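Nothing here was measured: the structure is a model prediction, and the numbers come from that model.
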Amino acid sequence: MHTRGVYTKLAFSLLAVSGLASAAGQSHATLSVSAVVLSKARLEIQSSTAITVFVSMYSGVVAFVWSATDSCTKPENARALTSSGRHHLSLSPGELRGTKMICLASRDGVLHTSARLPE
């Protein structure tokens, strides 16, 4: 969220400068702005069966979320997330039986994170 604020301030500063140039008698001004959005992921455990996933991914990338026993090396019964945003997931007690953590990994290998389930 902080990064977005920095980019917004930068864009407004550039617009102000181009406005000043225009007001000073310039008949033509060109402004080019580009931004890079980095991939990121966060897991929040809401309860013993509910999690919230915050994910930002490049277009066309798929992320997978699954429960695991001790490590996130082998996804089993993974749920696919095909878009960036906030996703609320409910897992059944059967899906969580014998597991200790929730894992997330993207198909492109950029994203990977995990969170411990409550005891």
Hydrophobic clusters here meaning ILVMFWY residues chained together by side-chain heavy-atom distances under 4.5 Å, can you tell me if [X] and [Y] are in one?
X   : Y    : value
W66 : V110 : no
V61 : F54  : no
M57 : L43  : yes
V62 : V55  : no
I51 : L96  : yes

Taking the side chain as every heavy atom from C-beta outward, state whether [X] and [Y] have any atom pair closer than 4.5 Å.
X    : Y    : value
C72  : M101 : yes
F64  : P75  : no
S67  : I102 : yes
C103 : V65  : no
K100 : L117 : no

- [ ] Just grab all the side-chain hydrogen bond (donor to acceptor under 3.5 Å, both in side chains) pairs involving residues 76-87, residues at least two apart or on different chains.
- [x]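 side-chain hydrogen bond (donor to acceptor under 3.5 Å, both in side chains) check on residues 76-87 returns R79-E95.
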Task: Separation between OG1 of T113 and NZ of K40, rounded to the nearest 0.5 Å - done: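 T113 OG1 to K40 NZ: 13.0 Å, rounded to 0.5 Å.
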- [ ] Would you give the length of the straight line joining atom OG1 of T99 to atom CG of L91, rounded to the nearest 0.5 angstrom?
- [x]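 Those atoms lie 8.0 Å apart.
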- [ ] Taking all non-hydrogen atoms of both residues into account, name the closest pair between A41 and L111 and its distance.
- [x]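 Looks like N-CD2, 4.0 Å.
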- [ ] Measure across T69 and G98 and return the closest heavy-atom pair with its distance rounded to 0.1 Å.
- [x]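 For T69 versus G98, the nearest heavy atoms are CG2-O, 3.2 Å.
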Open item on the list: Is it true that, when you exclude R116 itself, more than 12 heavy atoms of the residues, nucleotides or ligands shown sit nearer than 6.0 Å to its CZ?
Closed with: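 Atom CZ in R116 is crowded, with more than 12 foreign heavy atoms closer than 6.0 Å.
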